[in-house]
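Below, all heavy atoms of this structure are taken into account, side chains as well, without hydrogens, waters or symmetry copies. Residue numbers start from 1 in every chain, and the chains themselves are labelled A, B, ... in the order their sequence lines are given, proteins ahead of strands.
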Amino acid sequence: MSIAVSHGHDATLIGLDSEHAGPASKRIVTGYGFWIFILSDMVMFSCFFAAYAVLLGETNGGPSGAELFNLTNVAIETACLLFSSFACGMAYIAAEERNHMWFQIAMAITCVLGLAFLAIEFHEFADLVARGAGPSRSALLSAFFTLVGCHGLHVSAGTLWLLTMMAQVFAKGFRADILRRFLCFALFWHALDIIWVAVFSVVYLLGSAV
Amino acid sequence: MSDVELHHRADLAPGDEEQVSVKLRVLGYLIGLGLAIVLTATSFFVAGTDLVWQPSIPVAIIVLAIAQMGVHLVFFLHITTDPDNTNNVLALAFGLLIVFLVIGGSLWIMANLNHNMLPMDQIMQMQR
């Protein structure tokens with residue numbers, strides 16, 4: 001008996017928790033798989049960031065970053081995404097507490113802020129194209145539209161996913177499979193905000209400094 | 001996941017955190033939000049100011065951005081140094097390795113090429 005106890009103690013000490021051997025729960029497997037997807041998405045974004053950084057000076061006689069970017073707009077976009085990420089965190093807590101009302105309220109706020117972000121970004125793109133600074137103007141602008149547009153597409157897809165989650169929780173309640181989907185959604189939404197931090201720092205702030 | 005499972009020293013899914021009271025968890029998000037706002041505001045301030053030594057501005061912006069990404073990872077995604085989180089952290093470390101290789105490598109190689117290549121008009125002359 002005492003041998004068994006001391007064996008268990010040793011196993012804990014060296015990090016082998018023999019009591020909980022066996023496959024991980026489905027929530028952990030799903031979440032981990034989605035985490036790997038997010039990291040590969042970040043690797044993809046890093047290629048676009050590398051292209052933008054390399055092409056930063058290649059304006060082909062066209063406008064440079066400093067002449068193109070309106071930093072006030074960017075600050076508002078940043079605030080929208082940051083608060084939307086926070087609201088998503090509140091929805092996450094509400095989901096774990098199985099609170100329908102707060103879940104729907106927090107998700108609605110997340111959605112409105114995400115849509116506000118998309119509206120400002122779309123307006124900015126339309127304005128650039130109208131001023132003759134579309135993606136075909138210079139290598140810098142091609143890289144800019146690819147990188148920022150790709151992030152915008154992710155946010156659009158995330159917004160559709162968000163509405164789907166609201167509808168599914170409303171219709172089916174906090175079932176285990178719905179909660180796994182919501183875990184993935186929350187990871188996705190927070191990850192988009194992390195990528196936006198890189199976008200506003202590298203593209204807009206460094207881009208206007210050069 | 002049931003409460004029983006969470007109280008064991010099992011692994012955590014990325015995004016999940018140890019079961020604590022709602023108040024403390026909201027507080028965690030609020031701290032993250034506050035830190036992110038401060039870092040963002042500093043970065044926008046630094047980008048447009050004449051008060052600091054100009055060549056230090058790009059470095060400052062990059063450092064602030066990395067700090068803010070760290071804040072997001074810890075307070076929003078709950079990626080911590082907790083032993084339950086080892087798998088998530090290792091995957092993140094590998095992702096970061098690739099990201100830095102791609103970005104750093106591209107900048108390094110292209111800077112070398114730009115430095116060592118003849119200006120475009122001279123290349124055109126040589127082709128004649």
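Residue contact with chain B, scored on non-hydrogen atoms closer than 4.5 Å, is absent for A/V202. Neither the backbone nor the side chain of A/F34 comes within contact range of chain B, judged by heavy atoms closer than 4.5 Å. Proximity to chain A involves both the backbone and the side chain of B/L92, based on heavy atoms less than 4.5 angstrom apart. Within the 4.5 angstrom heavy-atom criterion, only side-chain atoms of B/I79, from C-beta onward, approach chain A. Neither the backbone nor the side chain of A/A24 comes within less than 4.5 Å of any heavy atom in chain B. Looking at A/L183, only its side chain comes within 4.5 Å of chain B, counting heavy atoms on both sides. Contact of A/A176 with chain B is not made at all, since no heavy-atom distance falls under 4.5 Å.
Annotation for B/A47 and A/L205: closest pair CB-CD2, 3.7 Å, computed over non-hydrogen atoms. Nearest heavy-atom pair across B/S106 and A/V54 is O-CG2, 4.0 Å. Smallest separation of non-hydrogen atoms from B/S43 and A/F200: OG-CE1, 3.9 Å. Considering all non-hydrogen atoms of both residues, A/I194 and B/L77 come closest at CD1-CD1, 3.6 Å. The nearest pair of heavy atoms linking A/Y32 to B/A91 is OH-CB, 3.8 Å. Nearest heavy atom pair, residue B/L107 against residue A/A53, reads CD2-CB, 3.6 Å.
No other option in B/Q54, B/M110, B/R25 has as many heavy-atom pairs under 4.5 Å with chain A as B/R25. The candidate with the highest count of non-hydrogen atom pairs below 4.5 Å against chain A, out of B/L64, B/I62, B/L30, is B/L30. Per-residue heavy-atom pair counts under 4.5 Å with chain A were compared for B/N87, B/L96, B/I98, B/V71, and the maximum is reached by B/N87. Of the residues considered (A/L187, A/I38, A/I36), A/L187 shows the highest number of contacts with chain B, using heavy-atom pairs under 4.5 Å. Ranked by heavy-atom pairs under 4.5 Å with chain B, the first of A/V43, A/L39, A/I195, A/I93 is A/I93.
Enclosure of atom CZ in A/F37 by more than 12 non-hydrogen atoms of other residues, nucleotides or ligands within 6.0 angstrom is indicated. For A/H100, the NE2 atom counts as densely surrounded, since its 6.0 Å shell holds more than 12 non-hydrogen atoms of other residues, nucleotides or ligands.
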Evaluate side-chain contact (heavy atoms from CB on, under 4.5 Å) for B/Q68 paired with A/D193, printing each intermediate quantity in order. CA-CA 10 Å; B/Q68 194 178 342; A/D193 200 22; 5.9 Å; no

After noting the C-alpha distance and the side-chain angles of A/R27 and B/D16, does the key distance pass the side-chain contact (heavy atoms from CB on, under 4.5 Å) rule? CA-CA 10 Å; A/R27 184 176 173 87; B/D16 275 342; 2.7 Å; yes

Between A/F45 and B/V99, does a side-chain contact (heavy atoms from CB on, under 4.5 Å) hold up when you go through it step by step? CA-CA 9 Å; A/F45 267 104; B/V99 166; over 6 Å; no

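Taking 4.5 Å as the limit, some side-chain heavy atom of B/L33 sits within range of a side-chain heavy atom of A/F83. Within the 4.5 Å cutoff, the side chain of A/L82 has heavy atoms near those of the B/H72 side chain.
Interatomic distance, CZ of B/F44 versus OH of A/Y204, reported as 9.5 Å (0.5 Å rounding). Rounding to the nearest 0.5 angstrom, the gap separating the OH atom in B/Y29 from the OG atom in A/S85 is 8.5 Å.
Ring planes of A/Y92 and B/H78: tilted class, angle from 30 to 60°.
Checked by atom type and distance alone, the side chain of A/W35 pairs as donor or acceptor with a backbone atom of B/N88 at under 3.5 Å.
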